[in-house]
Amino acid sequence: MVSFGGWNSVSSFIGATSSAPGRAGPAPAPAAGDHWRVLRGDGVWFGVALPWQLTRAYAADEPVVTNGGMIAMANAAIPANTAFSWGTTGATWRPVLPAIFNWRGVYASGMSMAINDVAVHSTSMASPLMCAAIAHAATGLLVDTTRAAGLSNTGCMVPFLGSNGNYAEFVAIGASAASQGGAGLMPAQAQGTQSYPIRGNLVARPNDYFFAGGSIDQDSVVANTIINFGTTFDTAGNISVTSSQNVVLRSGRSYELMAAAAGNVGSSGDTRLQFYNVTDSAWMGKASIMYPTSGAGNGAHQPIAMATLRGLSADKTIQLRCLSAVNATTLYAASTWLRVTEI
């Protein structure tokens, strides 16, 4: 700057912050390719997404707003008067997606899709984005007869773009023991699960599993005798009772256990039943207590054995056992039961 025939230096522009004002001065020079950016108050040349225009040229990574309200970025430099086209390379556009989603471009027959892969049916801006709700192989997907409807014949692809065309609707991600879930559309549940609660991992599972006793009374029950249940049952791998004795509880879940039995205890003493953790070789929870029905001075019955396990780090095999018995006891099959509640 010239002042009174000499040269004076001018302080550079300093951008404002949330706690301090900026300083006047020459604007910072934009870099090559920043011709479409705007200067923010903090001194940064920032890209603002504007509605896409056919007559404009676009730099690589320049964002635009599509007619459907999506934010898209140029994969490379795009000359003016180039029709909008979804794609992965060259003078095409890619949608701006959260990190958990993977842009695959235009779907082609035989393309395999991983969970949360996103694709379109055609290069047209109007083509709705579709997201893979589950991983699937290349065969049998998005056949020609169903592409127009935006769904595969197996229902593995769901609409990614909101039905009103103005916002993106993402497929919800279930939580796990190691990671937080993500908000979005609830995935479809399997037929027959209409009465089950949907848990944080977005899988519908029943809360309670009930197992009745066997058809034959169990005689000669003494300390460490394993109590039998008449049903060998498996609820889709969530819990199982094998060999009518072992209850297998699954890793990463929490359970409450309850069991009861009645029988002939004898004329004195008591019989106690308690849950036993076979995996860790440890008794657990509260024991049930049965006294003779006759005899003065007997304590109150505690008919139900109870235990709670939270956040299992591995599968656990649990049994109901006789903790102690003063006399050999007969347990009646009709009164023996086990209830497992997932909490």
Side-chain angles (χ1 to χ4, degrees), residues 1-106 114 116-120 122-131 160-162 164-171 173 179-184:
M1 178 178 293
V2 179
S3 176
F4 300 104
W7 290 95
N8 294 328
S9 62
V10 178
S11 299
S12 299
F13 171 85
I14 296 179
T17 68
S18 59
S19 59
R23 184 178 67 188
D34 283 350
H35 58 282
W36 57 274
R37 299 178 185 269
V38 296
L39 182 63
R40 294 193 315 198
D42 61 357
V44 174
W45 289 98
F46 182 75
V48 176
L50 299 174
W52 175 81
Q53 297 179 24
L54 175 64
T55 57
R56 266 206 56 189
Y58 292 95
D61 296 326
E62 184 172 352
V64 297
V65 180
T66 70
N67 293 341
M70 287 287 295
I71 304 296
M73 297 188 72
N75 289 311
I78 300 178
N81 297 309
T82 301
F84 186 98
S85 177
W86 292 114
T88 57
T89 60
T92 61
W93 300 86
R94 67 185 185 275
V96 177
L97 305 173
I100 62 173
F101 295 98
N102 180 39
W103 172 239
R104 297 291 304 279
V106 179
N116 293 331
D117 276 2
V118 175
V120 288
S122 72
T123 60
S124 169
M125 183 190 294
S127 181
L129 272 63
M130 307 296 293
C131 180
F160 187 87
L161 190 63
N164 64 6
N166 292 322
Y167 59 92
E169 295 173 335
F170 307 133
V171 178
I173 305 299
S179 61
Q180 177 178 327

- Query: What's the verdict on side-chain contact (heavy atoms from CB on, under 4.5 Å) for Y58 and M73, showing C-alpha distance, side-chain angles and the deciding distance?
  - Reply: CA-CA 9 Å; Y58 292 95; M73 297 188 72; over 6 Å; no
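Smallest separation of non-hydrogen atoms from R104 and A119: CB-CB, 4.4 Å. Shortest non-hydrogen contact noted between M125 and N67 is SD-N, 3.1 Å. Here the shortest heavy-atom pairing between I78 and T92 reads CD1-O, 3.8 Å.
Here salt bridge (Lys or Arg N to Asp or Glu O under 4.0 Å) pairs that include residues 74-91, with residues two or more places apart or in two chains, number zero. For residues 80-91, the set of pairs meeting the salt bridge (Lys or Arg N to Asp or Glu O under 4.0 Å) definition, not counting sequence neighbours, is empty.
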Donor-acceptor contacts, no H, no angles, side chain residues 80-91, under 3.5 Å, sequence neighbours left out:
unit_1: T82; atom_1: OG1; unit_2: P79; atom_2: O; d: 2.8
unit_1: W86; atom_1: NE1; unit_2: S124; atom_2: O; d: 3.1

Throw together a table of side-chain donor-acceptor distances under 3.5 angstrom for residues 24-31, partners on residues two or more places apart or in other chains.
none

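I14 meets the side-chain contact (heavy atoms from CB on, under 4.5 Å) test with R23; sequence neighbours excluded. Scored by the side-chain hydrogen bond (donor to acceptor under 3.5 Å, both in side chains) test, R94 finds D61, N75 as partners (sequence neighbours excluded).
Between I71 and V65 there is a side-chain heavy-atom pair separated by less than 4.5 Å.
Rounded to the nearest 0.5 Å, atoms CH2 (W93) and CH2 (W52) are 8.5 Å apart.
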